[in-house]
Amino acid sequence: MSGRTDSITELVRMPPVSVVDPIARARVRDRLVDGVAAAVADLPSGALVEVTLASIRHARSHPEAACQSDEKFAWKPVFVRRSLGLAALRACVEGRFAGPASAVGPVADQAVEEWESTGQRAYHWEPWFSGLGVGGRAVVLAEATNWATSLWATFDWTALGSQIRIGGMDDLWTCPAPRTVRLKGRCEVRTRLDAVVNGRRTAGSDGGPSALVSVSGGVPAEGWREDLAYLALTAGLRAPDRPLPARVVGLWPDAAVERTVEIDEAALDAAVDRVVATVATVATVATVATVATVATVATVATVATVATATTAAA
Amino acid sequence: MFGQDAGPALVVTKDRLTRALACPAHRWGERTGERSGAAEFTMPLATGALVDVLFRQLVTIGSIDSPMADAMDGLCADSHRAPLVGWIEGLASAEQRELRSEVERQADGLRQRWPALDPSWLPRTQTPLRAVLAEGHVDLSVYVDLAIGRPAADVASVALVDVRSGGRHPGHRDDRHLCALVEALRSPAPPFAVATYYTKTGELDVDPVDSELLAAAARRCLVGIRAMDSLNRGEEPGRTDSGSSDSGSSDSGSSDSGSSDSGSCTKCALQLSGEPAAQTVPIGVMPSVVEARSESPSALIGYAQGQAA
């Protein structure tokens with residue numbers, strides 16, 4: 001393994017630097033609820049706002065278009081690469097394949113077979129993928145191979161051992177605000193951090209703090225700290241009885257860049273500010289729109305979903 | 001060069017850099033939008049796009065069944081290629097036969113010459129490489145058609161390959177050197193080799209990457225960035241002090257995509273009394289395809305294997 005691989009692997013294993021106590025955690029939650037409630041006060045009853053990492057970035061970079069999208073969702077290779085890439089990566093870590101290039105094909109075939117035999121779609125893209133010709137499938141597999149290879153080459157998976165979870169469910173939390181505001185957090189890998197016991201470093205326990213790994217396309221943009229902290233905030237809100245993720249590592253494979261945020265109260269506060277600003281931007285755009293109907297605002301969810309898929313794919 | 005209010009990052013791609021280093025009229029045309037507007041599809045562009053898809057397919061699944069059908073399937077998988085698909089489908093039958101024939105000929109060459117790539121070499125296709133410089137004011141952004149080797153911190157372990165469906169052109173060497181530069185800037189170690197593979201002839205030009213190559217690429221890039229910055233600030237075009245050959249590359253890094261293989265700039269010929277843009281290069285290392293080391297794909301793969309070992 002290279003020095004870079006070793007250092008990034010160490011980043012997702014080393015003991016936490018800071019701990020957020022329960023009182024501070026409750027205060028952060030209250031700030032978020034108050035801020036969001038104020039931001040959505042003018043939205044029509046029944047409106048839904050979904051906040052994702054993609055919508056946060058979009059609202060910051062293109063606030064004027066925070067809830068505009070007429071694009072109808074249609075599958076394309078970049079929308080598949082994250083989920084197929086994660087499944088291929090999992091298969092590689094389990095030792096079933098030597099690398100993503102040999103894993104993506106069998107993993108995709110297996111997903112289609114299961115869908116055809118049971119009718120259950122584990123990834124949603126199975127019907128679309130099965131309808132593609134050889135060349136179309138190859139493009140999908142190539143995209144997934146690229147995506148998975150960037151992660152596969154980043155970590156020393158042997159050193160991480162069993163302390164990892166690849167993919168998994170999104171973190172969802174609904175804010176108790178006058179209008180429905182849903183926060184959705186998605187990371188690619190979760191690792192259990194080591195602990196320090198009696199001055200000695202040991203493997204962390206099941207209920208101990210974790211690190212989240214988030215993969216993005218392009219290069220880190222302004223606000224990347226708050227973006228990464230948002231993932232820890234959402235995970236903490238979803239599971240208030242579990243320790244907060246203590247660290248979030250962001251990977252931008254296109255630029256071969258990694259960035260880390262240690263999660264403390266200040267990082268969470270910054271993430272709360274970003275969420276409130278995002279909701280306020282969306283609410284303002286929706287309210288100013290000529291027809292600020294429930295349907296208009298509801299398109300935010302569609303925008304966020306499409307943007308999430310795009311960003312995850314990118 | 002870039003002030004506090006420099007605005008969005010200056011995105012530098014292969015094609016933009018080449019155009020910025022071209023003749024003044026060419027650059028001014030870029031500034032005033034002469035090159036912008038709707039895509040102009042051509043037979044070479046269509047051939048390049050189709051062969052790109054087939055090369056990617058061969059690397060990914062190891063086979064090509066029916067070249068034209070597979071390639072069209074690949075293009076159709078993504079809706080953003082719909083205009084090109086429509087253009088191809090709208091060709092007259094004689095042109096379609098010509099296109100099919102060329103695609104099949106190049107696909108045969110790919111099948112015969114490209115060895116299977118071991119998954120442990122981590123082959124990636126159409127890979128984006130980005131390097132942000134000058135506190136975010138400059139964004140170097142290129143695509144490579146194939147990258148092999150596991151990136152490492154202390155040893156050059158990656159090889160980059162550009163695939164071209166047209167003929168050789170000196171600008172292709174500039175393009176692959178730019179790829180080497182971007183990879184060296186973004187990663188702890190530079191690539192050990194950059195190559196251009198010509199699907200039309202089966203030739204592979206390989207340049208081992210050393211500090212001289214990277215320094216020359218950096219100088220060319222810097223001159224181009226200055227020219228682009230001048231254009232962005234609305235300055236009148238003037239003669240570039242440094243640069244390289246004209247045209248012949250694409251932003252996407254995909255094979256040719258219809259660029260001229262001749263290396264001539266018709267605009268310059270018409271407007272600048274025939275002075276070729278390539279003569280504006282003062283660096284002293286005017287690219288020449290003759291100088292490039294010609295290899296077979298298998299030789300490059302063997303070299304990569306040796307590096308990995």
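We name chains A, B, ... by the order of the sequence lines, and we start the count at 1 in each one.
With contacts defined as side-chain heavy-atom distances shorter than 4.5 Å, the pair Arg150(B)/Trp152(A) qualifies. Between Lys76(A) and Ser79(B), the closest side-chain pair of non-hydrogen atoms falls below 4.5 Å. Between Ile61(B) and Leu141(A), some side-chain heavy-atom pair lies under the 4.5 Å cut-off.
For Pro188(B), the part sitting under 4.5 Å from any heavy atom of chain A is the side chain, from C-beta outward, and nothing else. Heavy-atom distances place the side chain of Trp128(A), and not its backbone, under 4.5 Å from chain B. Contact of Thr125(B) with chain A is made through backbone and side chain together, with heavy-atom distances under 4.5 Å.
Here the CZ atom belonging to Phe79(A) is positioned 8.5 Å from the CG atom belonging to Asp78(B), to the nearest 0.5 angstrom.
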For a quick test of your reading: what N or O donor-acceptor pairs under 3.5 Å do the side chains of residues 92-108 of chain A make, sequence neighbours left out?
{"from": "Glu94(A)", "atom 1": "OE1", "to": "Arg96(A)", "atom 2": "NH1", "distance (Å)": "2.9"}
{"from": "Ser102(A)", "atom 1": "OG", "to": "Gly99(A)", "atom 2": "O", "distance (Å)": "3.0"}

> Which is it for Val134(A) and Gln57(B) under the side-chain contact (heavy atoms from CB on, under 4.5 Å) test, yes or no, and what are the steps along the way?
Replying inline: CA-CA 9 Å; Val134(A) 175; Gln57(B) 177 177 328; 3.5 Å; yes
>> Show, in sequence, the C-alpha distance, side-chain angles and deciding distance for Leu129(B) and Asp254(A), and conclude whether the side-chain contact (heavy atoms from CB on, under 4.5 Å) test is met.
In response: CA-CA 5 Å; Leu129(B) 309 178; Asp254(A) 298 355; over 6 Å; no
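The shortest heavy-atom contact between Ala142(A) and Thr60(B) is CB-OG1, 3.3 Å. Between Val139(A) and Arg56(B), the closest heavy-atom pair is CG1-NH1, 4.1 Å. Closest non-hydrogen pair, Gly133(A) versus Asp73(B), comes out as CA-OD2, 3.2 Å. Thr149(A) approaches Arg124(B) most closely through the heavy-atom pair CG2-CD, 3.7 Å.
Heavy-atom pairs under 4.5 Å with chain B were tallied for Ala255(A), Pro253(A), Ala74(A), Ser150(A); the largest tally goes to Ala255(A). If you tally non-hydrogen atom pairs under 4.5 Å between each of Ser66(B), Ala69(B), Pro119(B) and chain A, the highest count goes to Pro119(B).
Screening residues 44-86 of chain B for ring-ring contact (aromatic ring centres under 6.0 Å, His included) gives Phe55(B)-Trp114(B) as the qualifying pairs, with residues at least two apart or on separate chains.
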